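Following: one structure in structure tokens, then a few remarks.
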Amino acid sequence: MAATVRRQRPRRLACWALMAVLLADLLALSDTLAVMSVDLGSESMKVAIVKPGVPMEIVLNKESRRKTPVTVTLKENERFFGDSAASMAIKNPKATLRYFQQLLGKQEDNPHVALYRVRFPEHELGFDPQRQTAYFQISPQLQFSPEEVLGMVLNYSRSLAEDFAEQPIKDAVITVPAFFNQAERRAVLQAARMAGLKVLQLINDNTATALSYGVFRRKDINTTAQNIMFYDMGSGSTVCTIVTYQTVKTKEAGVQPQLQIRGVGFDRTLGGLEMELRLREHLAGLFNEQRKGQRAKDVRENPRAMAKLLREANRLKTVLSANADHMAQIEGLMDDVDFKAKVTRVEFEELCTDLFERVPGPVQQALQSAEMNLDEIEQVILVGGATRVPRVQEVLLKAVGKEELGKNINADEAAAMGAVYQAAALSKAFKVKPFVVRDAVIYPILVEFTREVEEEPGVHSLKHNKRVLFSRMGPYPQRKVITFNRYSHDFNFHINYGDLSFLGPEDLRVFGSQNLTTVKLKGVGESFKKYPDYESKGIKAHFNLDESGVLSLDRVESVFETLVEGSPEEESTLTKLGNTISSLFGGGTTSDTKENGTDTVQEEEESPAEGSKDEPGEQAELKEETEAPVEDTSQPPPLEPKGDAAPEREKATDKENGEKSEAQKPSEKGEAGSEGIPPAPEEEKKQKPARKQRMVEEIGVELVVLDLPDLSEDELARSAQKLQDLTVRDLEKQEREKAANSLEAFIFETQDKLYQPEYQEVSTEEQREEISGRLSAASTWLEDEGFGATTVLLKEKLAELRKLCQALFFRVEERKKWPERLSALDNLLNHSSMFLKGARLIPEMDQIFTEVEMTTLEKIINETWAWKNTTMAEQAKLPATEKPVLLSKDIEAKMMALDREVQYLLNKAKFTKPRPRPKDKNGTRAETPLNASASDHEEKVIHPPGQTEDAKPLSEPVKATRSEPADAEPLELESPGESPGAESEQKEQPTGQKRTLKNDEL
């Protein structure tokens, strides 16, 4: 009995813990009923939301447009976003920031920083002394980093989504270019943290586009692989992606569609912006030629004029995509001089000849990375705004060798729709049809370390080793474990990018540092001293490449193992609790379940044979370790192990309070197995065989970031507070402007109303003069002192004026409501009187209403008539300028009281069953009603043999004389002689009429 009680206590604790977890999830769901996606392009962004009742909708901005420019104007006391900021680029180009995503994750010596200065010389760039990253120096008091500017844009996109969804939103999926490296992705995540957004995932824009294409063509995907190429040329860059669609069988959801990224090629600077810059330079040259000889300044030295030319170049590029020529014209380009020039499509194509020659480049890169040829590609689909240029389509069509290019996808919104579908899949508030996504690693990542080897007796040397951690075009998210077997003291290893030979020399310079992180381990020697009698299983480093493509080192552990005999140690209460919770869901009591389970964990281990055979870049032995199944079916399936080495399972327990030991059973392969619930006392007495006991010691880790140092927590907090202060300032400014506009609108509207007949009828001349004088005084004050008035003062002024005019407006509104309200009251009184008269005419035998009920209704009707007549008479005696005694709210109250009583009687009549008719002496039924049909008069009831007339059927579910309401459904009765599934036909009877059963209905 005692053992039973001991086993029940952890189960009760588990139930309480489970309830607490479910309650926490419900509370979290209440705040995340809507999610959003932001498709961040170089020139514009698209925002989409999902909320209950609104599946996958593009958000409209304040100008009711589906696309919003990624532009920010920063002044000393105000900010502008979107279309407002784009229009400010002409007036104040220095304070208007555009295309700043090119500076994310870039240091001072990066070629893209120099390119940005050439393209936009009006911006003054400074550099952080610690991180060597650029920032915008707008004024001596205003300076913002690219991450802070991007945080402002993300915050603005959230405000648009919240206004559209009419509820707060904090969860988002953000698209990034597929070629973003680790530093650039971390910069986007930092910007989102500054904006207060919870990023569910950074999804590559090409993957989001492919997901959108697959989701809307789910029925066309089958077991046969379909290879689709997406060619995306946007404003700032070009990406070509090869995607394979097919159905696969998953453990969690059965057969589901899947997309797999097979190949990716890109060009970081090929896009519509470069075409517009070429066209702007051409227009600037034409304008200078027109003013040649007038000793005029070069238009290129005027930032405002160049901003006008860039806007005209953008318009010209769009028009020339559909026309052979067009007239470029700008009014007052510089020094009040107008500009007008004709530009042909041929001239535009000549300006961009070298750009068009680069169009096939990403296609070839994608085919090489996918190890495919063009014959295996079924369709090439265009994405992005720049693909609308005819010359781009001509060159691309020739390069891919297809009959035509696919244009059956929304080139602007596909990425936003795919990202918001992924957001709904990742959110706990929505359930979507599973679609497996297997994204691909663009840049391989490896681990490098140096160890001491003995080549000859007494001769030691250092050998440099490399282990590929995440290979190029391998799927992610994914976890990997690498084991260092030959270290018994503190050591360092390095995490770097792998082979980047597929990048050109210029791309390598833009890429930045190829070294990611140096990891310094501390405490390795102490762990060996702590367990001298245990066998070392190596130093295990756990890596995670998450859904956003960001690499992290979860933990480093020193693992030891030994054989022990005897009964296992008593499990702790937390272990029992965890095992019990696991058993509630049908799972085992495996002790090595990680808290962040992914599909598989691959483990790399340096074997003794590799000590003399390793070459740089050589693949190490792979070992798989299966973890808890993933609930999100949108994650990629497990990566299959490669190589000739036999798979071996290793279990590692998480560290708690320094160390934790755990008993495990040996498996068939010699692995460390898991132990379940403690056995019964009888079994404990038996001698157990020797078992393996594993000890895990946490190793201290010091990370030295080499590519781009992240912002510290203090710097992130300061930046977040800076953006929050700006947001609060903007909201206060908007609130003040709203109050001023409301006051001004009230003054003008009321002054106009004073001259309308309906207002003059209910007011005296003195009242109108008083109101008009107060309104004029408020208008004068608003013009003279209103610009410096606070929001509170403006609201107080408005409240005073409304209080002054309240009585006048009330009299007018009441007179407007009288005709409709009185007409409704008269109709209700008439109908109620007719209903009462009809109720009193019902014969006493069939009467369903009591005398008290009818008397009560009659009393209410009479009282309502008397109130109406009396009140209207009193109102007729009052002048129109006095407060009325006939109020619309009183009329509504009288109507509600009368209607409530009538509805009560109507409901009673609807559900009351009529009394049965008495039988005559001969045993026949009472005379049928007059409205019965002739067939009913002639109908004869025939009883079954052996049953008298007075006998009642024993199993009849419904009485024969039951009356049905007029709107009742026909009854379906089973005949005793029929099978249980048989149904008999019934005819509807009129309301209140008796219903007899025919012989075949018994």
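Because the structure is predicted, anything quoted here is derived from the model rather than measured.
With Asn465 contributing its side chain and Lys463 its backbone, the two residues share a donor-acceptor pair below 3.5 Å.
A salt bridge links Asp710 with Arg186: the closest approach of a Lys/Arg side-chain nitrogen to an acidic carboxylate oxygen falls below 4.0 angstrom. Comment: Arg262 does not engage Glu371 in a salt bridge, judged by the lack of any side-chain N to carboxylate O separation of less than 4.0 angstrom. A salt bridge links Lys522 to Glu702: one of the charged nitrogens lies within less than 4.0 Å of a carboxylate oxygen. Classification of Asp554 and Arg479 as a salt-bridged pair holds, one side-chain N sitting under 4.0 Å from a carboxylate O. Salt bridge annotation for Arg193-Glu713: present, with a cationic side-chain nitrogen under 4.0 angstrom from a carboxylate oxygen.
You'll find the side chain of Phe543 stays beyond 4.5 Å of the side chain of Val481, heavy atoms only. Residues Phe528 and Ser536 have side chains in contact (heavy-atom distance under 4.5 Å, counting atoms from C-beta outward). The shortest side-chain heavy-atom distance between Leu703 and Leu553 falls under the 4.5 Å cut-off. Between Glu184 and Val176 the shortest side-chain heavy-atom distance does not fall below 4.5 Å. You'll find the side chain of Leu104 reaches within 4.5 Å of the side chain of Val188, heavy atoms only. With a 4.5 Å cut-off on side-chain heavy atoms, Glu697 and Glu557 do not count as touching. Between Thr562 and Glu535 there is no side-chain heavy-atom pair separated by less than 4.5 Å. The shortest side-chain heavy-atom distance between Val447 and His494 does not fall under the 4.5 Å cut-off.
Note on ring orientation: taking the six-membered ring where Trp is involved, the planes of Tyr443 and Tyr497 are perpendicular (angle over 60°, cut-offs 30° and 60°). Using bins of under 30°, 30° to 60° and over 60° for the plane-to-plane angle, the ring pair Phe449/Tyr487 lands in the perpendicular bin.
Among Val704, Asn492, Ile495, the single residue meeting the side chain to side chain contact (heavy atoms under 4.5 Å, CB included) criterion with Val519 is Ile495. Among Val264, Val441, Ile442, the single residue meeting the side chain to side chain contact (heavy atoms under 4.5 Å, CB included) criterion with Arg472 is Ile442. With respect to Glu561, the side chain to side chain contact (heavy atoms under 4.5 Å, CB included) criterion is satisfied by exactly one of Gln693, Lys537, Met695: Lys537.
Ring pair Phe484/Phe491: centre-to-centre distance below 6.0 Å. A distance of 6.0 Å or more separates the ring centres of Tyr476 and Phe470.
Looking only at atom types and distance, the side chain of Arg185 has a donor-acceptor partner in the side chain of Asn204 under 3.5 Å away.
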Worked verdict on Arg467 versus Glu448 for salt bridge (Lys or Arg N to Asp or Glu O under 4.0 Å): CA-CA 6 Å; Arg467 297 288 180 270; Glu448 299 185 32; over 6 Å; no
Stepwise side-chain hydrogen bond (donor to acceptor under 3.5 Å, both in side chains) check, Asp439 with Thr207: CA-CA 7 Å; Asp439 213 330; Thr207 306; 2.9 Å; yes
